[in-house]
K.L.:
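Mind having a look at this structure? Questions to follow.
For ligands, and for the atoms within them, numbers begin at 1 and follow the listed sequence.
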Amino acid sequence: MKYTTASAVALAVVVNGLPSQTQKQQPRQAGGACASAVTLDASTNVWESYTLHANSFYRAEIEAAAAAITDSALAAKALEVADIGTFLWLDTIANIDRLESALADMTCDDILGLVIYDLPGRDCAAKASNGELAVGEIEKYKTEYVDAVAAILKANPNTAFALVIEPDSLPNLVTNADLATCQASAAGYREGVAYALETLNLPNVVMYLDAGHGGWLGWNDNLEPGAEELASAYTSAGSPSQLRGIATNVAGWNSWDAVPGEFSDDPDAQYNAAQNEEKYVELIGAALASAGMPNHAIVDTGRNGVQGLRLAWGDWCNVDGAGFGLRPTADTGSELADAFVWVKPGGESDGTSDTTATRYDSFCGLEDAYKPSPEAGTWNQAYFEMLLENANPAF
Ligand code: BGC
């Protein structure tokens with residue numbers, strides 16, 4: 001990841017139904033998924049029937065991390081994290097292979113969370129997560145990445161999957177359209193996201209399109225263009241039945257319901273009514289409904305346990321002092337919010353603080369960013385221990 005959020009930029013640019021039963025209650029198979037094909041009804045909240053799977057990839061990271069902790073009480077707490085459901089990021093073509101072991105210990109009560117994250121020219125407004133595919137490599141994205149993932153999901157019809165589609169991509173086209181890099185990426189993002197939505201629209205899949213967070217598309221002037229950008233991807237994909245809505249706060253830091261909101265004292269807070277994610281889900285939800293797109297949400301609460309750490313709302317890299325947040329649950333208290341989920345695997349870095357690295361982004365060198373930090377996606381033991389110690393609720 002990541003994005004430049006933008007109060008200033010945004011301003012300058014100026015710019016239910018009753019839940020029906022989800023089919024899944026099949027007897028559990030030893031070491032397997034369900035006994036028969038899973039059909040997810042995306043007009044309902046599937047998180048009421050399924051639990052986000054604690055995947056083996058993150059489990060292995062946690063077990064290694066716990067083994068490296070000498071304080072036995074802290075090590076025991078670390079191991080508790082291994083049992084918490086977390087999304088698995090398919091961030092390169094090669095890492096699609098990680099799916100295999102994640103599938104091996106699925107049960108019929110579980111839903112496997114996957115992040116689709118490999119667009120050409122990825123992370124156009126930042127450097128930390130620039131990807132393997134260059135602008136223009138859209139055919140490769142379609143055939144070697146999306147089609148390859150789709151083939152695995154099809155080959156596992158008895159398994160339920162929840163997908164977060166391409167974090168930061170469309171939001172960047174809304175607020176960072178002035179950057180040459182985002183201009184260059186725009187056509188590929190639009191085509192790629194629509195292709196992913198269309199191709200991954202399978203009966204055993206529910207999809208959520210990334211919508212940034214309240215400090216990004218939540219600015220009053222960004223809500224409508226944001227909703228229109230997302231809705232246009234949905235329509236271009238042929239209005240896929242398995243798209244349930246949006247993912248918000250992915251790898252983010254915003255509180256779900258802090259009132260009046262972490263940045264409400266900022267002079268420009270008057271231009272943003274989405275001061276927490278609950279408000280954001282409500283406001284973007286209304287804008288999405290007007291734009292004709294399904295508007296339910298899942299919200300990443302993996303690292304939002306502590307507030308008041310960021311010097312600016314747009315600071316996104318390895319925020320220092322952070323703590324694990326609310327555990328995954330469908331009990332959100334909001335009809336529009338299907339679930340709190342952990343999307344960013346806490347402990348994996350947002351970006352390197354090594355100023356000489358090609359993917360060094362200045363946000364990772366800010367005063368409120370934890371240092372030293374390794375390359376995006378790689379493990380940062382000290383950061384993990386900090387998240388654990390500052391967890392809220394505590395472990
Ligand atoms: C990185 C990915 C990584 C993901 C989850 C992103 O910021 O670019 O490589 O898989 O975070 O940690």
K.L.:
Has Q270 got more than 12 heavy atoms of other residues, nucleotides or ligands less than 6.0 Å from its CD?
P.N.:
yes
K.L.:
Judged on heavy-atom distance to atom 11 (O) of ligand 1, which of K344, E132, R122 sits nearest?
P.N.:
K344
K.L.:
Between E80 and K77 (salt bridge meaning N to carboxylate O under 4.0 Å), is one present in this structure?
P.N.:
no
K.L.:
Taking both backbone and side-chain atoms of D91, is any N or O found less than 3.5 Å from an N or O belonging to ligand 1?
P.N.:
yes
K.L.:
So which of E277, H213, E278 actually passes side-chain hydrogen bond (donor to acceptor under 3.5 Å, both in side chains) with T248?
P.N.:
E277
K.L.:
Please check if atom CD in E63 has more than 12 non-hydrogen atoms from other residues, nucleotides or ligands closer than 6.0 Å.
P.N.:
yes
K.L.:
Just which atoms of ligand 1 are under 4.0 Å from any heavy atom in P345?
P.N.:
5 (C), 12 (O)
K.L.:
Do the two ring centres, one from W342 and one from F324, sit under 6.0 Å apart?
P.N.:
yes
K.L.:
Considering only heavy atoms, which of S129, A128, A126 lies nearest to atom 1 (C) of ligand 1?
P.N.:
S129
K.L.:
I'd like to check which ligand 1 atoms, numbered from 1 as shown, lie under 4.0 Å from a non-hydrogen atom of E348.
P.N.:
5 (C), 12 (O)
